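Structure first, then comments.
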Amino acid sequence: MPSIDVCYSPELLHLYDLKEKAVVAVDVLRATSTMVTAFAHGATNIIPVMDLAECRTYAAQGCLTAAERNGIKAAGFDFGNSPFSYMQEIIKGRTIAITTTNGTRAIRLSEAAGEIVIGSFLNLQAVADYLQELQQDVLVVCAGWKGKFNLEDTLFAGALVERLRNTFSFANDSAQASLYLYQIAKEDLLTFLWQSSHVRRLEKLGIHEDIEFCLQYDVYNVLPVWRHDRLVDLAVITN
Ligand code: MLT
């Protein structure tokens, strides 16, 4: 039986052997929710980039560029990190280079993994179905906030553990802890998260609708996976 484990921060990744694992990278508020939304609206490739300067260079290659730091859209880019920005016609058929405070870092630091899947509440069941099919050991990598634990990514991990618990064993206490936390919160994620640090940070920035949107279950049936040097939607490339 494959196992599922949860890494609460990219800063803990050195403790894990990623080689044979399927990593599920998650940044609920908002990077992976945004990426899933972009694929659902026709983006063909997403290139997660570590820094602003490198991200800027992709514009010359005809990519759309997106950047966020501390929850705010960075100047000089086409988009920030709100999923609502990626519901436009212009997204269709385009490659997007994006850098965010935590989410893109979590993805790039997981490159040694056998597989990287992009997870969010928005595509939770698509991710669970794929992992069932893959039957590889799973490590959920939470983006957290600047290396620290956050609640929303851990709740996603718990939700995924709950959907896989009959066919995956728990590798460590973090899978069990994430499940227990999720079971306390699952009836009303928004209320549970209301006092969390990133929700308070985004609320202060007047970004309320993104929070509610990113906490919805199974809105999109897309499956962003890492191929060579970018993310593509497996649901599209295998049809
Ligand atoms: C992150 O990368 O941590 C988040 O996506 C930041 C945000 O956009 O709120």
Side-chain angles (χ1 to χ4, degrees), residues 1-8 10 13 16-28 31-48 83 103-104 106-143 152-172 174-179 181-183 186 189 214-239:
M1 176 185 270
S3 67
I4 185 164
D5 200 349
V6 180
C7 175
Y8 288 134
L13 273 170
Y16 300 86
D17 177 4
L18 300 184
K19 259 193 312 306
E20 305 304 319
K21 286 195 173 59
V23 158
V24 179
V26 59
D27 180 1
V28 170
T32 58
S33 301
T34 291
M35 292 172 185
V36 164
T37 302
F39 279 116
H41 289 82
T44 50
N45 300 273
I46 292 181
I47 304 172
T104 48
I107 296 166
R108 297 305 302 265
L109 291 181
S110 299
E111 284 186 58
E115 174 69 294
I116 304 176
V117 184
I118 301 303
S120 69
F121 283 107
L122 299 171
N123 70 327
L124 174 60
Q125 194 55 48
V127 171
D129 291 345
Y130 181 55
L131 296 173
Q132 289 283 19
E133 188 189 310
L134 215 52
Q135 285 296 300
Q136 274 186 326
D137 289 345
V138 171
L139 178 68
V140 181
V141 177
C142 299
E152 65 272 15
D153 295 345
T154 305
L155 291 181
F156 167 85
L160 184 62
V161 169
E162 184 175 78
R163 296 212 182 174
L164 296 178
R165 64 180 168 180
N166 297 329
T167 49
F168 281 71
S169 62
F170 295 170
N172 272 307
S174 51
Q176 193 95 40
S178 304
L179 174 62
L181 194 65
Y182 173 69
Q183 288 176 332
K186 69 183 187 179
L189 294 175
C214 294
L215 296 179
Q216 297 174 105
Y217 289 99
D218 302 320
V219 174
Y220 301 125
N221 184 25
V222 296
L223 195 68
V225 293
W226 185 254
R227 290 294 178 269
H228 310 301
D229 63 349
R230 62 194 55 206
L231 295 168
V232 294
D233 181 359
L234 192 62
V236 168
I237 64 172
T238 48
N239 277 343

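All values derive from a computational prediction rather than experimental measurement. In what follows, residues are counted from 1 in the order of the sequence shown.
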From [X] [atom1] over to [Y] [atom2], what is the distance, rounded to the nearest 0.5 angstrom?
X	Y	atom1	atom2	result
Leu179	Ser174	CG	OG	11.5 Å
Gln135	Thr167	CD	OG1	6.5 Å
Ser33	Asp27	OG	CG	7.5 Å
Leu124	Phe156	CG	CZ	5.5 Å
Ser110	Tyr16	OG	OH	11.5 Å
Leu139	Asp17	CG	CG	10.5 Å

Over all atoms of both residues, closest heavy-atom pair of [X] and [Y]:
X	Y	result
Thr37	Pro83	CG2-O, 3.5 Å
Phe168	Gln136	CE2-O, 3.4 Å
Ser3	Asp137	N-OD1, 2.9 Å
Ala128	Leu164	O-CD2, 3.7 Å
Val127	Leu160	CG1-CD1, 4.2 Å
Leu189	Tyr182	CD2-CE1, 4.2 Å

Fill in: Full working for side chain to side chain contact (heavy atoms under 4.5 Å, CB included) between Val26 and Val140
CA-CA 7 Å; Val26 59; Val140 181; 3.9 Å; yes
Is any side-chain heavy atom of [X] less than 4.5 Å from a side-chain heavy atom of [Y]?
X	Y	result
Asp5	Lys21	no
Pro2	Val138	no
Phe121	Leu155	yes
Phe170	Arg165	yes

Discussion item. Applying side chain to side chain contact (heavy atoms under 4.5 Å, CB included) to Phe39 and Leu231, what does each step give before you reach the verdict?
Written reply: CA-CA 10 Å; Phe39 279 116; Leu231 295 168; 4.0 Å; yes
Worksheet entry | Verdict with reasoning, Val6 to Thr154, per side chain to side chain contact (heavy atoms under 4.5 Å, CB included) | CA-CA 8 Å; Val6 180; Thr154 305; 5.5 Å; no
Worksheet item: Around atom CD of Glu20, are there more than 12 heavy atoms of other residues, nucleotides or ligands at under 6.0 Å?
Response: no
Practice prompt. Apply the side chain to side chain contact (heavy atoms under 4.5 Å, CB included) test between Asp233 and each candidate in Thr238, Asn45, Leu223, Val225; give the one that qualifies.
Written response: Leu223
Practice prompt. Please say which of Val222, Ile46, Asn221, Val219 ends up in a side chain to side chain contact (heavy atoms under 4.5 Å, CB included) with Val36.
Written response: Val222
